[in-house]
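Below, chain A is the first sequence line, B the second, and so on; all start at residue 1.
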Protein chains: 2
Amino acid sequence: MENRAKTKSNLIQSVDRALQILECFSRENRELGVTEISKYLGLHKSTTFGLLSTLESRGYVEQNLDNGKYRLGLKLFELGNLVHEGLDLRKQAYPFLKELVDKYQETVHLVVNDRGEAVYIDKVEGPGAIRMYSQVGKRPPMYCTGVGKAILAYMPDKEVDRILFEKGLRPFTPNTITDVDKLKAHLAEIREQGYSFDNEEIEIGLRCVAAPIKNHKGEVIAAISVAGPSTRMTWEKMNILAISVKEAAVNISRRMGYKGI
Amino acid sequence: MENRAKTKSNLIQSVDRALQILECFSRENRELGVTEISKYLGLHKSTTFGLLSTLESRGYVEQNLDNGKYRLGLKLFELGNLVHEGLDLRKQAYPFLKELVDKYQETVHLVVNDRGEAVYIDKVEGPGAIRMYSQVGKRPPMYCTGVGKAILAYMPDKEVDRILFEKGLRPFTPNTITDVDKLKAHLAEIREQGYSFDNEEIEIGLRCVAAPIKNHKGEVIAAISVAGPSTRMTWEKMNILAISVKEAAVNISRRMGYKGI
DNA sequence: AACATTGTTTGATAATGCAGAACAATATAA
DNA sequence: TTATATTGTTCTGCATTATCAAACAATGTT
């Protein structure tokens, strides 16, 4: 339609800083003070205060009047919900996730690719007492999770390089693949098989099987996985799961308009 | 702790505008173009573009490459989830419960609807020696308690039927409503008033006033009540309480993201 | 009672965001 | 097809605006 080739980043400083402030908050740090934030971002206290005040006036943060600290506000909840609803991938995928859980009694995840990062957008938990701990909205690493590798495997080589360089290849366990070339060979294998395993690469005792979901253009936009404790996830089960997970992923891809196999 | 008396709004223009952009999007307008937004907000096209680019660079909006339009991004989903988790009802409700106790010197309860059953999840006890005996975690009957009736009143008719059939309508006192049609008429009345009374329906000598709490979707997820011995809970006091309890419930609902009145 | 640390306010300075116009690419109309 | 309108994007100079620094007020700590 138009000239859609964005050039160099011409960002608006104050806006970028305000957004950075929002991203300071996390599960571990639900409440932060002005000084705390300004130290973290390297901004002056008064600058931070101005940004916070603006965010506050529109409900993106709110202040705890007991201690003066700030926390994320309800406006974000509202907008987040809007996004959540719009993710029709989620709607389309849900019945297939449910089916997998019912069949294998293990937790199933749905993850999307957000500019090189994976984001959990849904999960259906299995009945077992020993469960994989995960939270919707979280961003797991790409190179050492089933879903992440399933997504990486279908990316252009250049983008894979960029992501791996940016994030690094920290070893979470002895099984984590930390060598770029080894990982790339592994990704090629995944691409050929159409599914990926995570064999305790991010956490000892956790295995999963994942498969990529494609959109109408055939681009990999997401992935699903079935995850569980290694005790239950035997290799026999993993191989059976591979077929089922791949099948479910293909079905979801079709729902998203994918015309391929 | 600090000087917490904010004066005049000294907002940062560009940040405020960026936030305004986010708020342009809605269920009806999931995708908007640069020109569209700039017209709506009365900004210059290039200004809007700069703001959008900054928002995009951090994932707060994303572009539909097919038509160049923008939509809300996954970062908002991520942050919204964070807010959602932090919003546990109990934390939000507590100050309002405390306020009611301080004002009326009677025990206040917070109850959630757990798939058709009421569960006490918090209480703040009044100072009086004659107290209502209750335990957090307990599940009182729905049809003969103030909180239970406040929750029932907003359920789909079919679910009300199911619950009443499952649990039955055992008479605890001569005041217990044991007739289904009478109870349903009573629930309709509660729905109209926005609060419910318990007039010695579960125990002689115990009266209470309750009101429903709604979530962001307007669904009744919980209720609060002020309860005390009939000797102190005169009808005059009950009517005064009705207003206060309803008000507190509405305030808590807002904290839970409810946008209605 | 002295001190350190918070969030908040103010005002001077210059960096920064903004509008206008031009550009490129598409969609629509003739 | 050709012409026109409309889209998203880029560029640059000017003046508005965001920034920093320092001071303030109120609380928590020693």
Side-chain angles (χ1 to χ4, degrees), chain A residues 1-22 24-25 29-73 115 217, chain B residues 1-22 24-25 29-73:
Chain A
M1 196 210 255
E2 300 84 22
N3 183 5
R4 204 152 307 119
K6 241 159 279 182
T7 50
K8 59 175 172 280
S9 56
N10 210 348
L11 302 181
I12 293 169
Q13 191 188 62
S14 55
V15 174
D16 194 57
R17 285 173 166 181
L19 301 180
Q20 280 185 58
I21 286 179
L22 292 180
C24 286
F25 297 90
N29 294 304
R30 286 219 130 85
E31 290 195 344
L32 295 169
V34 177
T35 318
E36 218 166 341
I37 296 171
S38 53
K39 270 179 190 151
Y40 184 73
L41 295 179
L43 301 175
H44 273 254
K45 211 168 42 156
S46 61
T47 306
T48 307
F49 179 75
L51 296 166
L52 270 169
S53 297
T54 309
L55 289 167
E56 187 189 20
S57 80
R58 294 207 168 267
Y60 289 77
V61 302
E62 55 191 37
Q63 197 173 27
N64 182 347
L65 293 176
D66 292 332
N67 56 14
K69 297 196 171 197
Y70 291 84
R71 58 168 170 258
L72 295 178
R115 297 163 305 148
K217 294 181 201 158
Chain B
M1 198 209 254
E2 299 85 23
N3 183 4
R4 204 154 308 120
K6 241 159 278 181
T7 50
K8 56 174 174 286
S9 52
N10 208 349
L11 302 182
I12 293 169
Q13 191 186 62
S14 53
V15 174
D16 194 57
R17 285 173 167 179
L19 301 180
Q20 280 185 59
I21 287 179
L22 293 180
C24 287
F25 296 90
N29 295 303
R30 286 220 132 83
E31 288 196 346
L32 296 168
V34 177
T35 318
E36 217 167 339
I37 294 170
S38 54
K39 271 179 189 153
Y40 184 73
L41 295 178
L43 300 177
H44 206 270
K45 211 167 43 153
S46 64
T47 307
T48 307
F49 179 76
L51 296 166
L52 271 169
S53 297
T54 310
L55 288 167
E56 187 189 19
S57 81
R58 293 209 167 266
Y60 290 77
V61 302
E62 55 192 35
Q63 197 172 27
N64 182 345
L65 293 175
D66 293 332
N67 56 14
K69 297 198 172 199
Y70 291 84
R71 59 169 169 259
L72 295 179

Exercise for the section: Measure from the side chain of A/Lys45, starting at C-beta and using heavy atoms only, and say which of D/dC20, D/dA23, C/dT16 lies closest. Expected result: D/dA23

Completion exercise
Per atom distances to the B/Gln63 side chain, the nearest of C/dA21, C/dG7, D/dG8 is D/dG8

Practice task
Flag the pair B/Lys45 / B/Lys39 as yes when at least one side-chain heavy-atom distance between them is below 4.5 Å, and no otherwise.
Solution key: no

Practice task
Starting at atom CG of B/Leu41, determine the distance to atom P of C/dA19, rounded to an integer number of angstrom.
Solution key: 12 Å

Problem - Distance-only donor-acceptor test, B/Thr47 side-chain atoms vs C/dG17 base atoms, 3.5 Å - result: no

Fill in the blank from the handout: Quick note, B/Val34 side chain, CB onward, closest among D/dT9, C/dC18, D/dC20 is D/dT9

Completion exercise
Exactly one of B/Val34, B/Ile37, B/Leu51 clears side-chain contact (heavy atoms from CB on, under 4.5 Å) with B/Leu43, and that residue is B/Leu51

Practice task
On DNA chain D, check which nucleotide each of B/Lys39 and B/Arg17 is closest to and give me the residue with the more 5' one.
Solution key: B/Lys39

Problem - B/Ser14 side-chain proximity, nearest of D/dT17, C/dG17, C/dG7 - result: C/dG17

Practice task
Could you tell me whether the side chain of B/Arg30 reaches within less than 4.5 Å of the side chain of B/Arg71, counting heavy atoms only?
Solution key: no

Completion exercise
Sorted by position of nearest nucleotide on DNA chain D, 5' first, the leading residue of B/Leu32 and A/Gly42 is B/Leu32

Handout entry: Between C/dG17 (C1') and B/Ile21 (CD1): distance, integer Å
Key = 13 Å

Completion exercise
Quick note, A/Thr35 side chain, CB onward, closest among D/dT7, C/dG7, D/dT19 is C/dG7

Handout entry: Residue B/His44, side-chain atoms from C-beta onward, closest of C/dT9, C/dC18, C/dA19
Key = C/dA19

Practice task
Go through D/dC11, D/dA22, D/dT19 for me and flag the one nearest to the B/Ile12 side chain.
Solution key: D/dT19

Practice task
Ignoring the backbone of B/Phe49, work out which of C/dT8, D/dT10, D/dA18 is nearest its side chain.
Solution key: D/dT10

Problem - Value in whole Å for how far the P atom of C/dT8 lies from CG of A/Leu51 - result: 13 Å

Practice task
Would you mind reading off the distance between B/Ile37 atom CD1 and D/dT9 atom P, rounded to a whole angstrom?
Solution key: 11 Å

Exercise for the section: Would you indicate whether the side-chain heavy atoms of A/Gln63 and A/Glu56 approach each other to under 4.5 Å? Expected result: yes

Handout entry: Closest-nucleotide ordering on DNA chain C, the 5'-leading residue of A/Ser46 and B/Thr48
Key = A/Ser46

Problem - Candidate nucleotides C/dG7, C/dC18, C/dA21, ranked by approach to the side chain of B/Gln13 - the nearest - result: C/dC18

Problem - pair A/Thr48-A/Leu41: side-chain heavy atoms closer than 4.5 Å - result: no

Exercise for the section: Check whether any side-chain N or O of B/Tyr70 sits under 4.0 Å from OP1 or OP2 of D/dT9, and answer yes or no. Expected result: yes

Practice task
Ignoring hydrogens and angles, tell me if any N or O in the side chain of B/Ser14 forms a donor-acceptor pair with the backbone of A/Val15 under 3.5 Å.
Solution key: no

Handout entry: Protein-nucleotide distance (A/Leu11, atom CG; D/dA18, atom P), rounded to Å
Key = 16 Å

Problem - Protein-nucleotide distance (B/Leu55, atom CG; D/dT9, atom P), rounded to Å - result: 13 Å

Handout entry: Protein-nucleotide distance (B/Glu36, atom CD; C/dA27, atom C1'), rounded to Å
Key = 15 Å

